[in-house]
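Counting convention: from 1, in listed order, for ligands and their atoms alike.
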Amino acid sequence: MHKTNLAENIYYLGVNDRRTHLFENLWPLPYGVTYNSYLIVDEKVCLIDTVDRKFTDDYFQQLDNILGDRKVDYVVINHVEPDHSGSLAALRSKYPDITLVGNKKTFPMIQNFYGITEDTITVSDGDELDLGKHKLNFYTIPMVHWPESMVTFESTQNILFSNDAFGSFGTLDGGIFDDEINLSFYEEEAMRYFTNIVGKYCPHTQRALIKLEGLEIKMIAPSHGPIWRSHIPYILEKYQKWSSYAADKGVVIIVGSMYGNTEKMADVIARQLALRGIKNIRIYDPSKTHVSHIISDVFKYKGVMVGSCAYNNEMFPTVENALNELLHKGIKDRVLGVFGSYSWNGGGVKNLEKFSEQIKWEIVNPSVEEKGALKKDKFTEAVALANAMADKLEEDC
Ligand code: FEO
């Protein structure tokens with residue numbers, strides 16, 4: 001098997017997961033995901049994170065392939081979430097003398113997850129662990145993605161082991177470094193990873209970016225997806241953009257429709273937006289498209305329009321679910337318009353208007369509600385709603 005070096009005596013030890021359908025049992029993995037660990041071989045041997053426990057055997061084979069009979073002295077736990085700490089208990093059985101390195105928030109979690117309380121070193125911001133030639137420094141980045149999350153900086157080669165930060169969905173199908181892959185594919189999957197998994201914590205991500213500004217980073221080695229060495233400003237700029245809620249000119253239209261009447265309104269609105277020169281328009285039916293993709297595009301585009309038919313005097317259930325996820329993510333600074341239709345009683349638009357109040361985005365008014373099929377007067381109102389959105393985007397984008 002190949003040995004992949006980031007630098008002399010610093011190795012990539014990653015595994016591809018092409019079998020799990022849902023990350024965190026929530027988020028689709030159409031292109032899989034990797035769990036990346038790293039190994040530094042020096043006077044002391046040190047692992048940075050581990051991998052999901054489903055892959056422990058593969059992981060240990062890679063480890064043995066490099067180390068032979070040498071033992072691992074340290075394992076740095078940048079993040080306790082089990083996609084990275086899952087092999088810890090097995091690792092401790094393999095190397096009973098191993099010492100765990102984490103911060104003060106790491107070890108209560110490690111005790112809760114694995115019952116491990118001994119052979120630990122607790123580090124604080126800036127502390128150094130000397131491996132011989134290689135030196136590791138630690139910086140906490142709370143809530144990127146959990147309270148105990150931290151990064152590890154190898155200061156002789158200037159490698160940042162960033163854990164979830166700068167990570168991506170998608171397996172590594174041959175290419176491991178950013179100059180060996182199709183970047184546009186991984187940009188989409190890195191954005192979906194950030195927005196779905198870390199996106200609730202944008203202010204924390206902003207604080208983490210400021211904290212890491214002083215480091216002279218030559219390589220970013222995350223715990224998911226490709227290693228960044230030739231496009232570091234590119235991924236840093238993306239993180240800056242995504243975590244500050246900066247958006248491109250475009251509109252995401254989320255529509256729930258039982259018999260096509262509300263969907264027809266969405267098509268009318270989309271056509272009018274296109275006639276106004278907006279090129280980025282995505283219509284999503286959350287009955288078909290997983291909310292993971294909708295969240296990612298709401299981070300991407302400034303305008304959001306939501307249409308719902310009435311369903312038992314409420315909004316359509318799959319639309320309600322998608323909007324709950326958007327509320328949960330706390331995305332800020334978007335422009336919203338709503339519309340819908342009903343058969344025998346309202347409920348769709350009425351509840352969309354309640355959502356409008358909750359999410360606190362700028363609203364384009366008035367909302368449009370039709371009874372049954374779209375007719376001439378409501379067609380005119382739908383066009384006016386689209387024009388109001390286009391006017392707003394012309395001002396803002
Ligand atoms: Fe990849 Fe928050 O774990």
Below 4.0 angstrom, N of the basic side chain to O of the carboxylate: do [X] and [Y] qualify?
X      : Y      : answer
Asp297 : Lys300 : yes
Asp179 : Arg229 : yes
Asp173 : Arg18  : yes

After noting the C-alpha distance and the side-chain angles of Tyr11 and Tyr38, does the key distance pass the ring pair (Phe, Tyr, Trp, His ring centres under 6.0 Å) rule?
CA-CA 6 Å; Tyr11 299 89; Tyr38 300 93; over 10 Å; no
Classify the ring geometry between His204 and Tyr201 as parallel (under 30°), tilted (30 to 60°) or perpendicular (over 60°).
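Ring orientation of His204 relative to Tyr201: perpendicular.
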Listing residue and atom name, which protein N/O/S atoms are closer to atom 1 (Fe) of ligand 1 than 2.8 Å?
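The answer is Asp83 OD2, His84 NE2, Asp164 OD1, His224 NE2.
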Can you tell me if Ser87 uses its side chain to pair, donor with acceptor, with the backbone of Val51 under 3.5 Å?
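Confirmed, Ser87 side chain pairs with Val51 backbone.
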